[in-house]
Amino acid sequence: MNESHTQHLFSLHDIMMVRIQVQSNADINHVSKLSYHLQGPYEIVELFGHGAYGLRKLSSPDAPTLK
């Protein structure tokens, strides 16, 4: 089924934004189904394979690597 999907491959030192799914909050009656926020920009500093990357925030070069 997924053969028709193209995999997005990134290279070392590419710059990217990350989409984070927003959670709904019933306490304040806030519905966030299928909505995303962008975080970043991040730089790819490691390639783990199979679509996994090590990222570091551009504004913090000494920050830990995020997977």
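All of these numbers come straight from a predicted model, not from anything done at the bench.
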Counting N and O atoms only, with roles assigned by atom type, does the side chain of Arg56 sit under 3.5 Å from a partner on the main chain of Ala63, one being a donor and the other an acceptor? yes
Cluster link Leu9 to Ile44, ILVMFWY, side chain under 4.5 Å: yes
Quick check: closest heavy atoms across Ala52 and Lys67, and the distance to 0.1 Å? CB-CE, 4.4 Å
For the aromatic rings, using the six-membered ring if either is Trp, is the centroid distance between Tyr53 and Phe10 under 6.0 Å? yes
Do you reckon Tyr36 sits in the same ILVMFWY cluster as Val18, going by side-chain contacts under 4.5 Å, direct or chained? no
Any chance you could measure Thr65, atom OG1, to Leu55, atom CG, to the nearest 0.5 Å? 8.5 Å
From His37 atom NE2 to Ile20 atom CD1, the distance as rounded to the nearest 0.5 Å: 10.5 Å
Do you reckon Met16 sits in the same ILVMFWY cluster as Leu47, going by side-chain contacts under 4.5 Å, direct or chained? yes
Closest heavy-atom pair and its distance - Met17, Leu38: CE-CB, 4.1 Å
Rounded to the nearest 0.5 Å, what separation is found between the CG atom of Leu66 and the OH atom of Tyr42? 5.5 Å
Hey, could you give me the CD/CD distance between Gln21 and Gln23, rounded to the nearest 0.5 Å? 5.5 Å
Donor-acceptor contact below 3.5 Å, side chain Asp14 vs main chain Ser11: yes
Heavy-atom neighbours of Asn29 CG exceed 12 at 6.0 Å: no
